[in-house]
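The chains referred to below are lettered A, B, ... by the order of the sequence lines, with proteins before strands, and numbering in each begins at 1. Both backbone and side-chain heavy atoms feed into the values below; hydrogens, waters and symmetry mates do not.
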Amino acid sequence: MSRYNHREVEPKWRERWARAGIDRALAPDEAKGKPKAYILEMFPYPSGRIHVGHSRNYAMGDVIARFRRANGYNVLHPMGWDAFGLPAENAAMERGIHPKGWTYDNIAAMREQLKLLGLAIDWSREIATCDPAYYKHQQAMFLAFWKKGLVYRKKQKVNWDPVDNTVLANEQVVDGKGWRSGAAVETRELEQWMFRVTAYADDLLDAIGKLDKWPDKVRLMQGNWIGKSQGAKIWWDIASFPPPLAGEVAERGEAGGGAAAPAPSVAFGDTSPVNEGGKQAPNHARDPIEVFTTRPDTLFGASFLALAPDHPLTKTIAEFRPDVAKFIADCATLGTSEADIEKAEKTGIDLGVRVKHPFDDSWELPVWAANFVLSTYGTGAIFGSPAGDQRDLDFARKYDLPFKPVVLPPGADAATYAVADEAFTDDGTIYNSCFLDGLSTKDAITRAIDELVKLEKGEATTKYRLRDWGVSRQRYWGCPIPAIHCGKCGIVPAPEKDLPIQLPEDVTFERDKPGNPLDRHPTWKHTKCPQCSGKATRETDTLDTFVDSSWYFARFTDAQNPDAPFDKKLASYWLPVDQYVGGVEHAVLHLLYARFFTRAMRDCGYLDLPSGEPFASLFTQGMVVHETYQRKQRGLREADIEQRSGGRVEKTTGFPASSWTQSQVQGGSVIQAPRATYFVSPTWLTPEEVDLRDGSAFERGRDIPVDVGPIEKMSKSKKNVVDLDAFVHDFGADVARWFVLSDSPPERDVEWTASGVKGAWGFVQRVWGLVEAHVEGSPPATPARPEAARSNSEGAGAPYALRQLAHRAIASVTEDIEHFRFNVAVARSYELVNAIAKLKDDTSAGHFARGEALRILAQLIAPFMPHLAEECWETLGGEGFVATAPWPKADPALAARNTVTLPIQVNGKKRGEIEAAKGAPEAEIREMALAHPAVAQFLAGQSIRKVIVVPDRIVNIVAS
RNA sequence: GCGAGCGUGGCGAAACUGGUAGACGCAGCGGACUUAAAAUCCGUUCGCCCAAAAGGCGGUGCGGGUUCAACUCCCGCCGCUCGCACCA
């Protein structure tokens with residue numbers, strides 16, 4: 001018996017598959033009635049090298065793709081590269097190489113690595129988003145969106161990442177820090193290119209309900225992100241300004257402020273003004289204050305208005321009131337991290353302004369500025385209704401503002417009910433509220449809005465947390481935005497015939513010169529205005545790379561089309577993606593943008609896809625995690641680290657690291673390590689550099705003890721990665737694939753361990769051993785007797801039992817793959833192998849059963865371990881490729897159980913078992929159960945009160 | 001704070017719409033083969049009681065409940081993970 005040699009077998013089959021072209025997706029007219037299946041894994045960023053952690057995602061998609069193909073589907077399973085992005089520029093700065101060279105080198109290396117895995121990918125459709133042949137179409141699409149009014153420019157406060165020197169979308173800011181750099185995000189005012197995602201806010205939200213093959217978690221996250229709330233806008237008329245300032249403020253207001261620039265240009269005719277914010281400057285001194293609320297029913301409980309610190313009126317007042325100016329400044333220094341928000345006290349300042357209550361002209365309320373009001377949500381102004389909102393109540397108590405309850409909790413007595421320290425925020429009955437008295441919360445909301453509309457003091461409205469997507473990035477390595485700035489004509493679209501607008505290759509990257517190399521380029525941006533032919537400059541911002549990944553799945557349907565992003569018919573045939581596989585980290589960003597983009601493409605005529613949904617089914621897989629290792633440093637000890645911020649002291653235990661800098665310490669808190677003068681940055685070691693023996697870890701070859709750190713997601717930075725090439729060389733791609741799918745449910749993380757690898761390796765050898773033994777063993781003297789092959793219920797004996805088990809394995813594995821229970825499918829395969837190994841029967845019946853079971857096994861493991869399966873299939877005399885052989889069908893007669901083992905319980909405890917024919921009548925079962933000796937013994941001296949027979953399941957006898 | 005998910009042997013985990021808890025793998029233990037080891041194969045492995053077997057008792061984070069029957073359903077806690085977060 002020879003050892004299975006993956007080093008020969010694996011490349012051999014990959015070559016044969018490639019030569020036969022079995023992975024190519026068929027054109028719709030070639031498919032001849034085959035249903036289509038578009039299987040896609042989130043495409044990788046070409047960061048350098050692939051490690052085994054990446055392989056899980058692709059292995060899962062590949063199992064599904066191969067399974068669908070075996071089941072007669074026309075499968076599209078493509079691969080490409082999300083190739084624009086910052087790491088390329090950082091590499092350029094660090095190593096003086098060009099981002100393009102770096103990216104394409106990485107792509108070449110990673111393509112070879114992916115091929116090593118034996119994935120059934122149609123490589124003829126490979127794309128890279130940095131290829132002008134790709135981004136040309138993206139630029140054209142940008143122009144089409146622009147024409148449709150889905151693109152505009154806006155001067156707005158943006159999230160500025162001071163490390164990456166670029167703007168971030170709201171979705172890219174996590175806990176006040178850049179999602180990539182981790183640096184605290186600053187606020188800047190910049191002219192931005194925007195995508196009007198909010199145009200689809202309602203549809204994006206409603207359609208979530210139809211995405212029933214998406215994880216609930218992701219649907220929930222998207223719903224929260226869009227954050228729809230229905231309520232009312234209310235306009236509060238100004239009653240008075242504080243006397244000394246009133247005249248002055250009113251006068252300034254009269255002058256119109258002049259802050260907002262006039263709209264400079266209109267592109268594509270009147271339908272789509274490219275600049276927003278060019279409206280008539282509001283007069284903050286006279287215009288009513290607009291407030292958003294979801295609870296207009298509590299209007300009679302209002303006791304104050306509160307404005308955001310950066311609300312225009314607050315700013316206006318601040319010009320005359322140093323204390324208000326100081327308040328604004330104080331609020332600005334406050335951090336935005338969760339810890340800061342939690343600790344920050346609610347503070348405010350009376351602006352001296354008074355407004356009239358919309359329902360009662362004589363009722364005047366004070367206007368405050370308050371730090372807890374957000375300028376970015378709603379209108380940046382609220383009315384405080386302390387009895388019905390905890391925050392308002394705290395605020396009112398602190399500043400001695402009045403409050404009265406207006407919502408009576410169910411069952412409470414109006415005469416005695418009072419609000420103390422807890423606001424009542426639920427629904428109830430309205431009282432103390434004039435014409436709303438006696439109404440339920442729900443009815444009162446409607447009634448209040450009706451009244452507001454009648455008085456022209458407000459209207460019903462819907463607010464979203466979702467905001468438009470700012471796509472401008474001040475970076476080089478991205479898709480150039482096809483727009484031209486002309487002194488005369490304003491901002492005009494680049495002519496379509498000039499696309500692609502290509503990135504110049506002769507650019508410089510210097511660490512000390514932040515900013516955009518495109519902007520610095522001596523000639524690139526200078527061009528002619530397409531309208532007046534005068535001197536003009538190109539837009540030097542590039543598109544957020546999330547734009548690139550928002551439509552790549554559509555490009556795959558027609559990847560090499562030079563004239564269009566894709567053929568409408570082809571895209572309509574393949575889309576939506578039937579199975580999308582990727583990490584949860586994209587639950588909001590990428591998936592939301594892609595959903596927006598698909599709708600926009602549909603509405604611009606690119607696609608026939610009524611739903612606008614790109615991904616019919618989504619699976620979010622868990623990561624591969626691994627222990628981390630750190631070199632022990634002399635003098636480095638664990639220490640208690642005190643972190644003070646505000647009045648609170650938090651103690652943590654850890655290693656003080658020199659990489660901690662003040663800027664990473666939020667809000668002026670101080671990190672102290674009481675005994676520590678030994679700040680040492682950790683030196684991470686790769687698993688290869690570490691020897692594990694006797695439960696301790698040592699640096700390989702040097703016998704220096706190593707600290708074993710927490711188990712974390714495999715990542716380059718922590719070095720806890722296992723390189724794919726080396727692993728495949730040592731153990732083979734099949735072992736890697738099998739292992740990442742076997743140990744944990746796919747949605748959960750799986751820990752990469754040496755013992756797990758050993759198990760997978762052992763399985764490969766065992767399967768091969770059985771196949772070889774079967775083929776080499778002396779064939780039985782007589783040919784298989786007919787009864788061995790018969791698939792009816794008359795069979796008996798060990799060979800027949802094996803046949804039954806094999807056919808049950810088919811049924812089970814098929815179900816398991818359908819439901820993404822790969823770990824269970826793996827367990828079933830082990831059971832089958834165990835059973836095959838156990839059959840010691842050299843008769844022709846045994847031989848026949850073993851051969852059949854082995855062929856079934858080869859087919860069942862083919863999606864997981866395609867190389868091994870192929871080698872076994874061939875050795876067993878299977879026809880063609882196992883990869884393209886039709887998926888086995890379980891013979892119902894064999895898979896079905898004709899007898900069942902029924903446990904007999906007495907009072908819920910198992911006391912015996914009986915064998916009964918499947919579907920045997922209840923009365924018969926009952927007799928058998930009561931006759932069971934052990935059961936009878938338990939029943940002695942008791943009277944039977946009830947016998948429950950669950951057909952083919954269980955018998956429970958209730959006795960006392 | 002709000003929302004979601006999870007909690008099962010030494011470990012990763014199974015258990016279909018409530019019906020034999022711990023399939024399968026790893027590690028462990030015992031054995032075979034070997035001069036020996038590795039590899040491979042066979043057996044065994046939730047805990048407790050009993051000399052052993054047969055058998056019994058307990059057992060799915062904790063406390064209650066529904067049910068003939070609960071890992072599964074309901075109520076109340078505890079713990080962990082993730083997401084959102086001063087959202088008006």
Side-chain angles (χ1 to χ4, degrees), chain A residues 1 3 174-175 215-225 227-229 231-232 291-296 298 306 308 334 336-338 340-342 344-346 370-374 376-385 388-392 394-395 463-465 584-585 587-588 738-739 742-745 747-751 753-760 762-763 765-766 769 812 815 819 821 823-834 837-838 901-913 934 937 945-959:
Chain A
M1 191 166 90
R3 195 159 241 245
V174 180
D175 290 344
D216 288 344
K217 184 184 175 177
V218 174
R219 296 204 285 171
L220 201 76
M221 281 165 72
Q222 292 230 344
N224 290 341
W225 191 265
K228 181 178 183 170
S229 47
V291 158
F292 174 71
T293 181
T294 55
R295 294 293 300 272
T298 63
L334 209 78
T336 50
S337 81
E338 35 185 300
D340 290 340
I341 287 167
E342 210 172 293
E345 218 179 312
K346 315 261 173 282
N371 64 347
F372 62 86
V373 182
L374 305 174
T376 51
Y377 184 79
T379 60
I382 62 160
F383 77 80
S385 188
D389 185 291
Q390 192 58 46
R391 207 185 34 204
D392 294 348
D394 295 344
F395 192 77
K463 291 279 175 200
Y464 296 92
R465 194 176 162 281
V584 234
E585 66 273 21
V588 176
W738 187 253
F739 175 59
S742 63
D743 258 20
S744 289
E747 65 276 11
R748 225 179 283 179
D749 289 349
V750 64
E751 192 192 346
T753 57
S755 58
V757 168
K758 200 182 144 201
F763 182 72
Q765 297 301 335
R766 196 154 178 240
S812 171
E815 275 285 293
H819 294 100
R821 291 191 298 249
N823 55 326
V824 183
V826 164
R828 298 287 165 254
S829 309
Y830 274 107
E831 280 176 0
L832 181 54
V833 167
N834 289 345
K838 219 171 230 157
T901 308
L902 293 178
I904 317 292
Q905 295 182 330
V906 177
N907 290 333
K909 289 205 172 96
K910 187 189 156 194
R911 299 298 180 190
E913 278 180 0
Q937 200 185 319
R945 291 174 44 194
K946 205 171 176 186
V947 178
I948 294 135
V949 179
V950 184
D952 300 337
R953 287 263 191 208
I954 201 166
V955 180
N956 193 8
I957 300 161
V958 188

Picking from B/rA15, B/rC86, B/rC16, the nucleotide nearest the side-chain atoms of A/R391 would be B/rC86

On a whole-Å scale, what distance lies between the P atoms belonging to B/rU81 and B/rG28? 30 Å

Assign A/K463 to base, sugar-phosphate, or nothing according to its heavy-atom contacts below 4.0 angstrom with the strands shown. nothing

In this structure, how many angstroms lie between the P atom of B/rC87 and the CZ atom of A/F395, rounded? 14 Å

A/K909 near the nucleic acid: base, sugar-phosphate alone, or nothing, with a heavy-atom cut-off under 4.0 Å? sugar-phosphate

Closest approach to the side chain of A/N956, judged atom by atom: which nucleotide of B/rA88, B/rG19, B/rC86 is it? B/rG19

When we call it a touch if two heavy atoms are under 4.0 Å apart, what does A/R219 touch: a base, just sugar-phosphate, or nothing? nothing

Nearest-Å distance, CG (A/L220) to P (B/rC2)? 15 Å

Name the closest nucleotide to the A/I954 side chain, picking from B/rC68, B/rA13, B/rU20. B/rU20

Calculate the interatomic distance between A/Q905 atom CD and B/rC68 atom P; express it in whole Å. 13 Å

Nearest-Å distance for atom pair CD1/P, residues A/I948 and B/rC68: 7 Å

So what does A/D392 touch, heavy atoms closer than 4.0 Å: a base, only the sugar-phosphate, or nothing? nothing

Can you find a side chain N or O atom of A/R828 that sits less than 4.0 Å from OP1 or OP2 on B/rA14? no

Phosphate-side-chain proximity, A/R465 and B/rA85, N/O vs OP1/OP2 below 4.0 Å: yes

So, does A/S742 get its side chain near the phosphate of B/rG25, meaning an N or O under 4.0 Å from OP1 or OP2? no

C1' gap between B/rA23 and B/rC84, integer Å: 39 Å

If you check every side-chain atom of A/Y830, which of B/rC86, B/rC87, B/rG25 has the closest atom? B/rG25

Calculate the interatomic distance between A/E815 atom CD and B/rA15 atom C1'; express it in whole Å. 15 Å

Without decimals, in angstroms, what is the distance between A/D743 CG and B/rG12 P? 10 Å

Can B/rG59 be described as syn, meaning its chi torsion is within 90° of 0, or is it anti? anti

Please pick, from B/rA15, B/rC68, B/rC86, the nucleotide with the shortest atom-to-atom distance to any side-chain atom of A/R821. B/rA15

Over all strands shown, is A/N823 touching base, sugar-phosphate only, or nothing at heavy-atom distances under 4.0 angstrom? sugar-phosphate

Going through the distances and angles, do A/D389 and A/F383 end up as a side chain to side chain contact (heavy atoms under 4.5 Å, CB included)? CA-CA 11 Å; A/D389 185 291; A/F383 77 80; over 6 Å; no

Below 4.5 Å, heavy atoms only, C-beta onward: do A/T753 and A/F739 meet side chain to side chain? yes

Is the distance from OP1 or OP2 of B/rG5 to the nearest side-chain N or O of A/K217 less than 4.0 Å? no

Determine whether the side chains of A/R766 and A/N834 contain a donor N or O and an acceptor N or O closer than 3.5 Å. yes

Quick check on RNA chain B: between A/S229 and A/D216, whose nearest nucleotide comes earlier from the 5' end? A/D216

Where do A/Y377 and A/S229 come nearest, in terms of heavy atoms and distance? OH-OG, 2.7 Å

Which part of the nucleic acid does A/R766 contact within heavy-atom distance under 4.0 Å: base, sugar-phosphate only, or nothing? sugar-phosphate

With P as the reference atom in both, quote the distance from B/rC75 to B/rC42 in angstrom, rounded to an integer. 49 Å

Name the nucleic acid region contacted by A/K910, choosing base, sugar-phosphate or nothing; use a 4.0 angstrom heavy-atom cut-off, strictly under. base

Considering every strand and a 4.0 Å limit on heavy-atom distances, what is the contact class for A/N224: base, sugar-phosphate, or nothing? nothing

On RNA chain B, compare the nucleotides closest to A/P903 and A/A837; which residue's is nearer the 5' end? A/P903

Looking only at atom C1', what distance separates B/rA21 and B/rA69, rounded to whole Å? 14 Å

Nearest-angstrom distance from the residue atom CG of A/N907 to C1' of B/rG56: 16 Å

Separation between the C1' atoms of B/rC87 and B/rU17, rounded to whole Å: 40 Å

Complementary nucleotide of B/rU66, counting Watson-Crick and G-U pairs under 3.5 Å: none

Identified side chain to side chain contact (heavy atoms under 4.5 Å, CB included) counterpart of A/I954 within the set A/D952, A/N956, A/V950: A/V950

Determine the contact category for A/V950: base if any of its heavy atoms lies under 4.0 Å from a base atom, sugar-phosphate if only primed atoms, P, OP1 or OP2 are that close, otherwise nothing. base

Is the A/W738 ring parallel, tilted or perpendicular to the A/F763 ring (thresholds 30°, 60°)? parallel

Any strand, both distances under 3.5 Å, Watson-Crick or G-U wobble: B/rG22 pairs with none

If you check the A/E913 side chain, which of B/rA15, B/rU20, B/rG12 turns out closest? B/rU20

With C1' as the reference atom in both, quote the distance from B/rG63 to B/rC50 in angstrom, rounded to an integer. 33 Å

Contact class for A/Q390 vs. all strands (heavy atom < 4.0 Å): base, sugar-phosphate, or nothing? nothing

For nucleotides B/rU44 and B/rG61, find the distance between their P atoms and express it as a whole number of Å. 28 Å

Please determine if A/D394 and A/R391 form a salt bridge, counting it only when a charged side-chain N lies under 4.0 Å from a carboxylate O. no

Using both distances under 3.5 Å as the test, list the Watson-Crick or G-U wobble partner of B/rG47, or none. B/rC57

Mate of B/rU81 where both pairing distances stay under 3.5 Å, Watson-Crick or G-U: B/rA4

Need one value for A/L374: base, sugar-phosphate or nothing, where a base atom within 4.0 Å counts as base even if backbone is also close, heavy atoms only. base

Among B/rC84, B/rU17, B/rA23, which nucleotide sits nearest the side chain of A/W225? B/rC84

Round to the nearest Å and state the distance from A/R911 atom CZ to B/rA69 atom C1'. 14 Å

If pairing requires Watson-Crick or G-U wobble contacts with both distances under 3.5 Å, which nucleotide is the partner of B/rU72? none

Flag side-chain contact, heavy atom, 4.5 Å: A/T379 against A/K463: yes

For a quick test of reading the model, state the closest non-hydrogen atom pair linking A/D392 to A/G384 and the distance between them. OD2-CA, 3.4 Å

If I pick the C1' atom on B/rC86 and the same atom on B/rC16, what distance separates them, to the nearest angstrom? 46 Å

Just call it for A/T294: base, sugar-phosphate, or nothing, with non-hydrogen atoms closer than 4.0 Å on any strand. sugar-phosphate

Indicate, with a heavy-atom threshold strictly under 4.0 Å, whether A/F292 touches base, sugar-phosphate, or nothing. base

Using a heavy-atom cut-off of under 4.0 Å over every strand shown, decide if A/V947 touches base, sugar-phosphate, or nothing. nothing

I want to check something: taking the side chain as every heavy atom from C-beta on, are A/V750 and A/N823 in contact at a cut-off of under 4.5 Å? no

